Student: 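The structure follows.
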Amino acid sequence: MNDVTRLAAAAPSGRLGIVHLGLGAFHRAHQAVYLERYRQRSGDDTWGVSSANLRGGVALVDALRDAGHRYHVAEYADRDNVTLREIGVIEETHFTGQDKRTGRDGAVSWGRDLDALLARLVSPDTRLVTLTVTEKGYFLSPAEGSLLRDDPLIAHDIREPHTPRTAPGILVEALAHRREAGQPPFTVLSCDNMPDNGRRTRAAVIQLAACRDIELSEWIASAVAFPCSMVDRIVPAMTETDFARLAELGVEDPNAVVGEAFSQWVVEDDFPLGRPAWEAEGVEMVADVAPFETMKLRMLNGSHSLLAYLGALDDIETVFDAVSRDDLRGLLRRYMLEEAAPTLSMPAGTDLDAYADSLLARFANDSLRHRLQQIAMDGSQKLPQRWLHGALARLEAGAEVSCTVLGVAAWIRYTAGHDLHGNAYAVDDPLATTYKLLHEAHGEDIEALVPAFLELDAVFPPALAGDADFAAAVTAAYRNLTRRGLGEAIASLGRR
Ligand code: NAI
Ligand code: CS2
C-alpha cells in the first residue's frame with residue numbers, strides 16, 4: 001500500500017461523496033446551494049463536499065475551516081428581494097497551491113494539503129469530482145483544445161506526476177491510484193464556462209496521462225465518465241458594498257457570497273457511480289448539453305464580454321451601469337438576436353427572443369455589482385467560444401458580424417492596459433505579456449497592430465484570422481473607437 005492509498009483507507013467518511021476543485025465564489029453559490037437544498041429535502045447526507053483550491057484562495061480555505069465550514073449565500077432578485085441561506089454542505093477544505101506564507105525566508109512552497117486531497121480523491125467514498133477552475137485551469141489551447149505541454153505547471157506535472165500542481169495533474173494522479181487499487185474511477189464533472197466542458201476536461205486528462213503511461217491514459221479513456229454541463233448563475237466577486245449590505249441584514253460573514261436569484265444547471269446524465277437525485281432542486285438532466293451550452297456562451301457570456309471590453313474602455317464600472325445606457329443595451333439586443341441567435345440550433349420550442357429579454361433583465365439587476373473588469377479577465381480563454389466560433393459560422397454563410405467586429409476591436413484596444421480616457425488597469429490574462437509586446441511593437445500603427453493580434457492562433461481560428469474582410473472591418477472599428485469614442489462607434493453601427 002502506498003502513502004496516498006494508506007491515507008485514503010484511514011480517512012473514510014461515508015459522507016463526502018464529492019470532491020470539488022476550485023473553491024471560488026461560483027462553487028459556493030451554485031453547486032453547493034443545489035446540494036444543500038437536496039440534503040435538506042432528502043435527508044441524504046452522503047453527498048457532502050471536500051473542496052480544494054489549487055491556485056490562490058488559501059485565505060478562503062482557512063477561513064472556512066475556522067468557521068466550521070458554514071457560510072451564507074444571499075440570492076438577490078432585486079434590491080428589495082433577497083433570500084438568505086446558510087450552507088453546510090462543504091465539510092472540508094484543502095489548499096494545494098503555491099503558499100507564500102508557509103515558506104522559510106519568503107521562499108515559496110507547494111502542496112500544503114496535497115496528500116490529504118489525494119487521499120480524499122482515492123477514497124472509495126468519492127464518487128464524483130466537480131471542477132470550477134476557470135477556463136485556463138484546464139491548460140488547453142483555447143482555439144483548438146490541445147494540452148499546453150510547454151506550460152511550466154504542466155511540464156512540472158509531466159516531470160513530477162506524484163506531486164501534481166494542476167487540476168489535470170491531480171485528476172491523473174488520483175485516477176492512477178484508483179486503478180492500481182482496483183477501484184472504479186470517480187465521475188468528473190466540469191462546471192466551467194467552456195464549450196463541451198466534459199470532453200475538454202477528458203482531453204486534458206487523457207493527454208496528460210499519456211505523457212506518463214499510455215495504458216493509464218487508455219484506461220481513463222475507456223473507464224472514466226466526463227459528462228458535460230451548462231452552469232448559469234451570476235455570482236460577482238464580493239465587494240465592500242456587498243458585505244455592508246449583508247451586515248444590514250444581520251449577516252457578518254467573511255465567507256459569504258452574493259448572487260442573483262436566477263440559477264440554472266443542465267447536466268448530461270452519465271454518472272456510473274451514482275449522483276445526488278438533484279432533479280427535484282431544478283437540475284435539468286439531459287442527453288445532450290451542447291445546444292444549451294452554446295446558447296448560453298454566445299448569448300449571455302458573449303454579451304458580457306461585449307459589455308466588458310466596450311464598457312471598460314469608457315470607464316464604466318459594472319454590468320448594471322453599462323446596460324443602463326441605451327446605446328449599449330441596444331447593441332446587446334442586436335448582437336444577441338442578429339449575430340448570436342442565428343448561429344444556434346436549439347430544440348423545438350426554444351424562444352431565443354424571450355431568452356434575450358430575460359438576459360437583459362438579469363443584467364439590469366440593480367443589487368449586483370458585477371464589475372466589467374472581472375468579466376474582462378482571461379479574454380484569450382473566452383473569446384473563441386463566446387464570439388469567434390459563431391462569427392466564423394456567420395461569415396462562412398455570407399452574413400455580417402459588425403457587433404462582434406466592434407467587440408474584437410475593443411478587446412484589442414483593452415489589452416493595451418489603459419482606457420480611452422487614459423486610466424490605467426491591470427490586464428489579467430495568461431497572454432498578457434504577449435499583448436504588451438504587441439502593443440509596444442506596433443503602438444498606434446493600427447494597420448499593423450490589428451493583424452498582429454488576429455495572428456494569435458491560440459485565440460483566433462485560422463479561417464477567421466485569414467479573412468481579409470474581417471481584418472479590414474476590425475481595423476476600421478478600432479480606428480473609429482479610438483478616434484471617435486464609444487458612443488460614436490456604436491452609433492456608426494446603425495448607419496450600415
Ligand atoms: P473566483 O475568482 O471566485 O474563483 C476562481 C477559482 O478558480 C478559485 O478556486 C481559483 O483557485 C481557481 N483557479 C483559478 N485559476 C486556476 C488554475 N490555473 N488552476 C486551478 N484553479 C484555478 O471565480 P468564480 O466566480 O468561482 O468563477 C470560477 C469559474 O466558474 C469561472 O471561470 C467560470 O468558468 C465558472 N462560472 C462562474 C460564474 C460566475 O458568475 N461567477 C457563473 C458560471 C460559471
Ligand atoms: C462572466 C460569467 O466572468 C465572466 O466571464 O461572463 O462568469 C457569467 O457571470 C456567468 O457565466 C453567468 O452564469
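Since this is a predicted model, take the numbers as computed values, not measurements. As a basis for the values below, the full set of heavy atoms in this structure was taken, side chains included, without hydrogen atoms, waters or symmetry mates. Whatever order the structure lists ligands and atoms in, that order sets their numbers, starting from 1.
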Student: Can you run down the salt bridge (charged side-chain N to carboxylate O under 4.0 Å, His left out) pairs that involve residues 226-243, sequence neighbours left out, and say none if there aren't any?
Tutor: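 Those involving residues 226-243 are E75-R233, D232-R362.
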Student: Less than 6.0 Å separating the ring centroids of W411 and Y435?
Tutor: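 Between Y435 and W411, which both carry aromatic rings, the centre distance is below 6.0 Å.
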Student: Counting heavy atoms only, which of V235, T132, N193, T134 is nearest atom 7 (O) of ligand 2?
Tutor: N193
Student: Whether the side chain of T132 engages the backbone of G22 through a donor-acceptor N/O pair (distance < 3.5 Å, no angle test) should be reported.
Tutor: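 Between the backbone of G22 and the side chain of T132 there is a qualifying donor-acceptor contact (under 3.5 Å).
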Student: If I apply the N/O under 3.5 Å rule, does D232 come out as touching ligand 1?
Tutor: no
Student: Salt bridge between D419 and R413, side-chain N to carboxylate O under 4.0 Å?
Tutor: no
Student: For atom 34 (O) of ligand 1, find the nearest protein heavy atom and state the residue, atom name and distance (0.1 Å precision).
Tutor: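 Ranking protein heavy atoms by distance from atom 34 (O) of ligand 1, first comes D192 OD1, 2.6 Å.
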Student: Quick test of your reading of the structure: of H304, R386, K296, whose heavy atom lies closest to atom 11 (O) of ligand 2?
Tutor: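 Going through H304, R386, K296 one by one, K296 has the nearest heavy atom to atom 11 (O) of ligand 2.
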Student: Is there any N or O on P236 that sits under 3.5 Å from an N or O of ligand 1?
Tutor: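 In this structure, P236 places no N or O atom under 3.5 Å from an N or O of ligand 1.
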Student: Which option out of V235, V133, D378 puts a heavy atom nearest to atom 12 (C) of ligand 1?
Tutor: V133
Student: Could an N or O of ligand 2 be found under 3.5 Å from any N or O of R362, whether backbone or side chain?
Tutor: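 Checking ligand 2 against R362, no N or O pair falls under 3.5 Å apart.
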Student: Which residue pairs satisfy the salt bridge (charged side-chain N to carboxylate O under 4.0 Å, His left out) criterion with at least one member in residues 315-327, sequence neighbours excluded?
Tutor: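 Every pair satisfying salt bridge (charged side-chain N to carboxylate O under 4.0 Å, His left out) with a residue in residues 315-327: D314-R325, E317-R369, E317-R371, R325-D327, D326-R329.
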Student: Just to confirm my output: which protein heavy-atom neighbour is closest to atom 37 (C) of ligand 1, and how far is it?
Tutor: F26 CG, 3.4 Å
Student: Starting from atom 5 (C) of ligand 1, locate the nearest protein heavy atom and write down its residue, its atom name and how far away it is, to 0.1 Å.
Tutor: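 Answer, as residue, atom name and distance: T134 CG2, 4.0 Å.
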Student: Minimum distance, heavy atoms only, to atom 6 (C) of ligand 1: which one of L21, T132, N193 is it?
Tutor: T132
Student: Got an N/O contact under 3.5 Å between R233 and ligand 2?
Tutor: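 N/O-N/O distance under 3.5 Å: yes.
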Student: Please confirm whether the ring centroid of F460 lies under 6.0 Å from the ring centroid of F453.
Tutor: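 When the ring centroids of F460 and F453 are compared, they turn out to be at least 6.0 Å apart.
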